[in-house]
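None of the values given here were measured: they were computed from a predicted structure.
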Amino acid sequence: MDNQIETALCCLDSISQTSVTISDFSDEILLNILRFIPSHDLMLNVSQVCRKLQNLCLDKSLRAHVHLHKEYTANDDAVKQLLKNFSGDIQTLNLSGCYWLAGSTVDQVTRCKGLVSLDLSGCRLTSIRLSHLLTSLRSLCSLALDVGPGFDLQQLSAEGKSALARLQELKQTLLTPSYGVVPCCSALRTLHLYLEASEAWREAGGCAQLMVGQSSVPHYQNLRWFSARLAPGEVNRTLLALYLAVFSMRVPEGLTGLVLSVPGPAPPRPVAMTALMESMASTVGNSVSALQLPRTWLDGAILGRVLTHGCPIYLNVSHCSSPGFNPLHVLLSAGRDLTPLRSLNLRGCGRGPLAESCGKSEEEMDTESIKALTECCPHLIHLNLSATHYHHAFPTGQDGHLCGALGRLASLCSLALPVCALAQSSPTPVNIQDSNSDLTPRSLLLGLKKSSRVGVPTYRPSTGVMEGQGEEQQDRGFCIQPLLQGCPHLVELELIGAGFSSAMPRNEPAIRKDPVACPWSYNVRDSELAALGGMKNLRKLTLAHVPGVLKGTGLIELLKGCKDLHSLSLANLGSLKTMNYTQALLEALSYCTQLRDLRLEQPYFNANTAFFEELSQCQQLRRVCLVSRHGTFQPAAVTAFMQSCTGVIMCHMFMGGTLVACKTLQKTLLDSFSTSRPALSVVIYPLLHEDLGHVIRGMPLCHLDEITLFKSRVAEEPAKQ
């Protein structure tokens with residue numbers, strides 16, 4: 001033993017005396033490291049460090065694929081220099097979401113003659129500019145772009161139209177009713193549509209123009225993948241119907257992916273839908289890889305027909321259950337091999353309306369079917385079970401709990417659950433005495449008489465136990481353990497209370513009424529939140545409509561354990577009549593050293609100096625969104641925060657205050673920081689103002705979709721093709 005210790009000490013001495021520098025690493029190791037550095041940083045900074053790094057930065061493997069999405073420090077000069085130096089080697093260029101780049105910078109893409117894939121989503125692109133690009137890029141196979149007001153297909157040159165005819169993949173974001181460039185794309189195999197036209201076009205009759213002339217009919221004969229995601233509104237539903245009308249003329253052979261995401265009421269189901277699904281299911285040698293249909297379009301016959309020829313990789317049946325039709329039952333009873341399934345969205349799908357009163361008719365989770373699902377689909381990576389209820393039957397123990405079944409999914413990376421799924425006891429009257437949900441006659445007497453004080457269990461972070469209700473509280477969070485142990489790769493978790501509706505709308509006025517919480521969710525308290533701190537690999541976390549939170553002490557333990565969290569979204573924790581976890585939030589933020597995105601939605605939130613001082617400790621922060629009905633803010637604190645956190649490029653605040661105060665602060669921030677932060681997006685507006693919808697439509701879509709608007713994102717989209 002002494003000899004082993006002596007040998008070990010000698011090795012430590014030799015290591016400490018050896019000077020290892022970056023130049024001692026092999027080229028292969030350094031190239032693997034450099035692949036994680038943005039292209040513009042490689043060119044402007046890394047290449048200037050030493051001769052060796054300068055030579056490595058010339059390697060074609062680092063220059064062939066340039067990805068500038070979310071690279072907010074890439075200004076016009078840097079991108080122009082990058083395109084000039086790398087132009088001969090770039091094969092794929094992703095500028096999606098680079099809304100701040102000038103049109104003259106986009107013009108420089110014409111230098112990249114060998115481009116095969118180009119993504120300009122969110123960039124400033126006119127018909128003339130697009131024509132010049134397409135004329136120069138003769139090898140282009142994949143294109144993504146925005147089509148805005150004033151776009152005219154007739155302004156494209158003959159060479160540009162020829163380039164479109166060679167495209168195999170197109171992603172089109174339509175900000176106005178239009179077919180965009182689709183009529184020229186006769187060889188398309190993949191078509192992604194994002195319909196974002198505002199309702200103003202409804203009054204202008206924009207969709208009526210598309211019905212005139214056969215030249216505007218899209219080409220679908222070679223299509224293998226068709227997806228359309230709609231923003232709310234009648235214009236977008238009409239536009240989708242026009243795109244789908246082509247299927248009634250000719251059903252494409254070999255279509256393997258059909259993903260249609262339609263919020264709210266769906267347009268009438270096309271007559272050709274049955275023939276289309278039959279074609280998808282019966283094509284020899286092909287199996288459906290992805291399927292999502294509007295809730296009124298999908299039934300047991302259509303889903304069963306698709307499953308007859310194999311199980312998709314991606315299946316989204318969100319809110320598709322109806323009397324006599326349970327998508328999960330159809331899936332499990334199809335008698336097919338379900339192991340190919342990787343992503344499944346069962347949001348709002350259950351075995352029927354919940355018998356208990358939870359504010360409105362909501363679906364109850366079919367737990368036995370979920371357990372069967374985990375056995376049939378062991379390779380699931382993404383699973384969404386939100387917008388349902390799960391009420392555990394006691395005392396069946398840990399083995400019978402939903403988390404025990406989910407713990408068998410060892411490959412699971414993202415998961416969405418209702419808050420009540422973590423409740424470990426049935427509700428009692430003391431749990432649901434929140435005034436925002438008390439609609440009984442006795443609520444009229446609140447404040448007129450002194451109410452009796454009822455002990456509420458308080459979580460002590462230092463000991464991990466609850467005070468106030470006995471030793472049995474030490475086992476709180478016990479049901480979560482199988483999930484922690486069985487899903488080590490979980491990086492995204494959403495806990496969303498059933499019935500939750502954000503106060504931040506899309507095209508409608510802000511919601512003024514608080515949603516009613518499930519009685520069982522009051523038993524999900526700080527101790528359960530603390531137990532989630534065991535998910536050490538978590539990167540994205542959403543907690544919404546968790547009324548059982550008392551002081552938020554569990555949030556401290558959670559964020560202390562999840563040190564690598566990149567995205568945090570908190571909404572309506574605890575009471576909705578007061579902000580009762582402010583101090584815990586301030587302490588918890590000190591552990592968020594890797595946080596990039598923060599979204600906080602809470603009534604009566606006070607965005608004061610103390611909050612912004614703690615938030616300033618999150619030096620990796622890039623985007624902040626605050627939503628608070630009757631909330632307040634201190635302009636000087638916001639300005640000081642933006643001065644301190646130089647990496648923040650998005651500050652969206654929708655709270656109380658006057659319109660003048662909001663606009664004054666917004667102008668101050670833009671005037672002070674726009675020059676040094678070209679990607680800066682600042683929107684400060686009263687949440688309850690009637691013109692909020694117009695303001696929302698003017699925001700960059702990348703921020704609006706990714707953080708500003710609340711929604712469940714687990715299994716919402718298929719993996720990128």
Side-chain angles (χ1 to χ4, degrees), residues 63-66 68 76 79-96 98 101-194 209-210 212-226 243 246 252 721:
R63 302 157 68 99
H65 308 287
V66 177
L68 295 179
D76 284 299
V79 175
K80 287 179 181 178
Q81 190 66 30
L82 172 70
L83 296 176
K84 178 180 178 181
N85 293 351
F86 286 21
S87 59
D89 299 318
I90 299 179
Q91 297 177 14
T92 62
L93 176 61
N94 186 347
L95 296 177
S96 64
C98 294
L101 294 180
S104 58
T105 302
V106 177
D107 288 337
Q108 300 302 308
V109 176
T110 56
R111 295 174 174 267
C112 308
K113 307 296 184 181
L115 265 183
V116 176
S117 177
L118 174 62
D119 193 337
L120 295 174
S121 303
C123 295
R124 301 170 186 174
L125 196 63
T126 62
S127 306
I128 301 298
R129 180 165 289 125
L130 177 62
S131 181
H132 292 160
L133 286 173
L134 293 173
T135 302
S136 302
L137 307 177
R138 300 180 181 272
S139 300
L140 201 62
C141 294
S142 175
L143 175 66
L145 77 163
D146 290 359
V147 175
F151 180 86
D152 185 0
L153 193 62
Q154 302 306 316
Q155 292 182 341
L156 298 185
S157 65
E159 294 85 354
K161 292 181 179 179
S162 297
L164 290 174
R166 294 188 294 268
L167 285 183
Q168 295 187 12
E169 180 178 11
L170 175 66
K171 173 188 170 186
Q172 211 172 226
T173 301
L174 298 168
L175 306 175
T176 181
S178 171
Y179 283 128
V181 299
V182 171
C184 295
C185 302
S186 56
L188 278 184
R189 297 176 65 87
T190 301
L191 176 59
H192 303 278
L193 297 175
Y194 293 82
Q209 302 174 10
L210 302 183
V212 181
Q214 291 299 313
S215 61
S216 293
V217 175
H219 296 282
Y220 292 158
Q221 56 263 34
N222 300 312
L223 213 57
R224 297 295 181 268
W225 180 285
F226 181 90
Y243 271 92
V246 184
Q721 300 295 302

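Between the OH atom of Tyr194 and the OG1 atom of Thr173 there is a distance of 7.0 Å, given to the nearest 0.5 Å.
The local environment of CZ in Arg166 is crowded, with over 12 non-hydrogen atoms from other residues, nucleotides or ligands closer than 6.0 Å.
The nearest pair of heavy atoms linking Leu153 to Val181 is CD1-CA, 3.9 Å. Closest heavy-atom contact between Val106 and Cys123: CG2-CB, 4.3 Å. Among all heavy-atom pairs drawn from Ser104 and Lys80, the shortest one is OG-NZ, 3.6 Å. Of all the heavy atoms in Ser139 and Lys113, the pair that sits closest is OG-O, 4.2 Å. Minimum heavy-atom separation, Gln155 to Ser127: OE1-CB, 3.1 Å. Across all non-hydrogen atoms, the minimal contact from Ile90 to Thr92 is CG2-O, 3.6 Å.
A donor-acceptor contact shorter than 3.5 Å links the side chain of Tyr220 to the backbone of Tyr243. With hydrogens and angles ignored, the 3.5 Å screen pairs a side-chain donor or acceptor of Asp76 with a backbone N or O of Ala102. Checking side-chain atoms of Asp146 against main-chain N and O of Leu125 turns up no donor-acceptor pair under 3.5 Å. Without hydrogens or angle criteria, Arg224 side chain to Asn222 main chain gives a donor-acceptor distance under 3.5 Å. Under a 3.5 Å cut-off, the side chain of Ser131 and the backbone N or O of Ser157 do form a donor-acceptor pair.
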Practice item. Would you please test Leu93 and Leu83 for side chain to side chain contact (heavy atoms under 4.5 Å, CB included) and show each step? Key: CA-CA 10 Å; Leu93 176 61; Leu83 296 176; 3.9 Å; yes
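At a threshold of 4.5 Å between non-hydrogen side-chain atoms, the residues Tyr179 and Val147 do not count as touching. Residues Val109 and Leu95 meet the side-chain proximity criterion, which asks for heavy atoms closer than 4.5 Å. The closest side-chain heavy-atom distance from Leu120 to Leu133 is below 4.5 Å. Inter-residue side-chain proximity for Leu164 and Leu143 is flagged as met; some heavy-atom pair is nearer than 4.5 Å.
Donor-acceptor pairing under 3.5 Å is recorded for the side chains of Ser142 and Glu169.
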